[in-house]
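A note on names: the letters A, B, ... follow the listed sequences, proteins ahead of strands, and every chain is numbered from 1.
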Protein chains: 2
Amino acid sequence: MSSVATTHIVDDDPAVRDALQWLLQSRSVPSQTWASPQEFLAFAGSDLCGCVLLDVRMPGMSGIELFDRLRARGCRLPVIFLTGHGDVPMAVQALKDGAFDFVEKPYDDNALVDKVLAAIAHDAQRSARDGSVHALRERLAQLTRREQEIMQRILAGKLNKVIADELGIAMRTVEVHRSRIFDKMQVRSAVELSQLLSLLGDKPES
Amino acid sequence: MSSVATTHIVDDDPAVRDALQWLLQSRSVPSQTWASPQEFLAFAGSDLCGCVLLDVRMPGMSGIELFDRLRARGCRLPVIFLTGHGDVPMAVQALKDGAFDFVEKPYDDNALVDKVLAAIAHDAQRSARDGSVHALRERLAQLTRREQEIMQRILAGKLNKVIADELGIAMRTVEVHRSRIFDKMQVRSAVELSQLLSLLGDKPES
DNA sequence: TGGGTGTTTGCGGAAACCCACAATGGTCAA
DNA sequence: TTGACCATTGTGGGTTTCCGCAAACACCCA
């Protein structure tokens, strides 16, 4: 995880890149520029934080396609599209696909900076959420096959006796597993376990 | 709840209304037309199902404003905006505010019908989800003050003994409440209760 | 004033849970 | 082969949950 939230500017036009970088710099927003989609794609991973300013029209690969590729490789950075060609269907599609914003050139400096800051804040939240989810998955991965199997049944509200019957093992064994599960997952009751895992399934609204 | 999913067409231009209604009728999609935002607003409540086709530019009240008012009064119907004036910022804002889609005129018949059908399907899902959430809230409302208080603590994973201590009452009393809570909420364990209530906090992604 | 509801409590017992101590057998890699 | 890890089981006992039966008190409404 790069420790500093950075705005990644991807545009084939050096003048636009410089203008954007200068704008952000003047507001103390760290940024980095990329002259082509390929260049950024070669660098980007799932370990960045900040946001992306993406020109829609670039030679070789459209901003939209770059966006798709980023998502495909797990990069969740919020993307703000910049376009000089007011295209409503494209904007609608981009937003539906999860773009953070879609801005027409010429843009208003203050408005754009606000959007960038909003995107960065949004990413920070997402990042924190993903972090805890990741930690949870790690604890989950520590469980052995058998333990996971039994955890399922615990979460289904089944009694130890029932679980033992279903698996054809002694109740005592279930108790041991149960205890180890609570131990590894760092909870002290089935209720806590259930609440912990409910974080995985559903995510807060965008 | 109106039992039939209806597409509500709001447009001040009779020709547009008729064209849309004819288009939908030809695909067996029930629709209803409204000549002004006020007219629809007077009719709409939170008990409709289907979707709304909304012209952006209308005299008296913009489609956007109507959209806001609908949301303000709890109408969750998915809204598809229709606009003749390609306006990217407006489209972006509308989508961010939760519009279902934003379509430029002239529209493609097939594409529009597809969007309408998607909106209707989306609404059906939301409606079902809201229904179960509502039923849950009703059961929750059946709980007395004391029961809710104790439920909180059960969900915090506390033992009956601890709850009794905190509230300064006998353990037996807590047991009685606990039993009644499970009864009213129609669950058989604290785990089930926890899972049930986790449906309230978080909602699935859009 | 009587009935309904909500909150409270006690007794006693069955069932379930939790745990320390102790132990067996299997797999897999060093 | 040996040690690490996993799954398994037993014993015995303390803790917690769950429940039927019984009852007291407060409050509000008809």
Exercise for review: Return the orientation label for the Phe43(B) and His8(B) ring planes: parallel under 30°, perpendicular over 60°, tilted otherwise.
Suggested key: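 Taking His8(B) first and then Phe43(B), their aromatic rings sit tilted (interplane angle of 30° to 60°).
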OP1 or OP2 of [N] under 4.0 Å from side-chain N/O of [X]:
{"X": "His177(B)", "N": "dT8(C)", "result": "yes"}
{"X": "Lys161(A)", "N": "dA15(C)", "result": "no"}
{"X": "Thr173(A)", "N": "dT9(D)", "result": "yes"}
{"X": "Thr144(A)", "N": "dC5(D)", "result": "no"}
{"X": "Asn160(A)", "N": "dA16(C)", "result": "no"}
{"X": "Arg178(A)", "N": "dC18(C)", "result": "yes"}

Review point. Can you tell me if CZ on Arg137(B) sees more than 12 non-hydrogen neighbours from other groups inside 6.0 Å?
Key: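 For Arg137(B), atom CZ is not crowded (no more than 12 foreign heavy atoms under 6.0 Å).
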Point to revise | Val92(B) to Ala91(A) - nearest heavy-atom pair and separation | key: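 Looks like CG2-CB, 4.4 Å.
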Practice item. Please name the residue in the list Arg153(A), Arg178(A), Arg172(A) that meets the side chain to side chain donor-acceptor pair (under 3.5 Å) test with Asn160(A). Key: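 Going through Arg153(A), Arg178(A), Arg172(A) one by one, the side chain to side chain donor-acceptor pair (under 3.5 Å) with Asn160(A) is satisfied by Arg178(A) alone.
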[X], nearest nucleotide to its side chain (from [options]):
{"X": "Ser179(B)", "options": "dC19(D), dT8(C), dC19(C)", "value": "dC19(D)"}
{"X": "Arg146(B)", "options": "dT9(D), dA7(D), dT7(C)", "value": "dT7(C)"}
{"X": "Arg172(A)", "options": "dA7(D), dG20(D), dC21(C)", "value": "dC21(C)"}
{"X": "Leu159(B)", "options": "dT17(D), dC17(C), dT8(D)", "value": "dT17(D)"}

Taking atom [atom2] of [N] as reference, at what distance in whole Å does atom [atom1] of [X] sit?
{"X": "Glu149(A)", "N": "dC6(D)", "atom1": "CD", "atom2": "C1'", "answer": "14 Å"}
{"X": "Ile154(A)", "N": "dC18(C)", "atom1": "CD1", "atom2": "P", "answer": "9 Å"}
{"X": "Met171(A)", "N": "dA7(D)", "atom1": "CE", "atom2": "C1'", "answer": "17 Å"}
{"X": "Phe182(B)", "N": "dT17(D)", "atom1": "CZ", "atom2": "P", "answer": "10 Å"}
{"X": "Ile150(A)", "N": "dC17(C)", "atom1": "CD1", "atom2": "P", "answer": "13 Å"}
{"X": "Ile181(A)", "N": "dC18(C)", "atom1": "CD1", "atom2": "C1'", "answer": "14 Å"}
{"X": "Asp165(B)", "N": "dT16(D)", "atom1": "CG", "atom2": "P", "answer": "11 Å"}
{"X": "Arg145(A)", "N": "dT27(C)", "atom1": "CZ", "atom2": "C1'", "answer": "13 Å"}

Exercise for review: State, without any angle test, whether Ser198(B) and Ser198(A) hold a side-chain donor-acceptor pair at a distance under 3.5 Å.
Suggested key: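 No, because no side-chain N or O of Ser198(B) sits under 3.5 Å from a partner of the opposite role on Ser198(A).
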Check your understanding: Does anything in residues 52-63 of chain B pair up under salt bridge (charged side-chain N to carboxylate O under 4.0 Å, His left out), and if so which pairs, sequence neighbours excluded?
Key ->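 Sorted result for residues 52-63 of chain B: Asp55(B)-Lys105(B).
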Review point. DNA chain C: Arg188(A) or Arg180(B), which has the more 5' nearest nucleotide?
Key: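 It is Arg180(B), whose closest nucleotide lies nearer the 5' terminus.
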Review point. Between Leu167(A) and Glu175(B), which is nearer to the 5' end of DNA chain D once each is assigned its nearest nucleotide?
Key: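 Upstream on the strand: Leu167(A).
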**Study point:** Residue list, salt bridge (Lys or Arg N to Asp or Glu O under 4.0 Å) with Arg17(B), at least two apart or on another chain
**Key:**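 With neighbours one apart ignored, the set is empty.
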Practice item. Please round to 10 degrees the angle between the axis of the first five pairs and the axis of the last five pairs in the helix from dT1(C)-dA30(D) to dA30(C)-dT1(D). Key: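 Answer for the end axes of this duplex: 40°.
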Review point. Under a 4.0 Å N-O cut-off, is there an ion pair linking Arg69(A) with Glu65(A)?
Key: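 Answer for the salt bridge query: yes.
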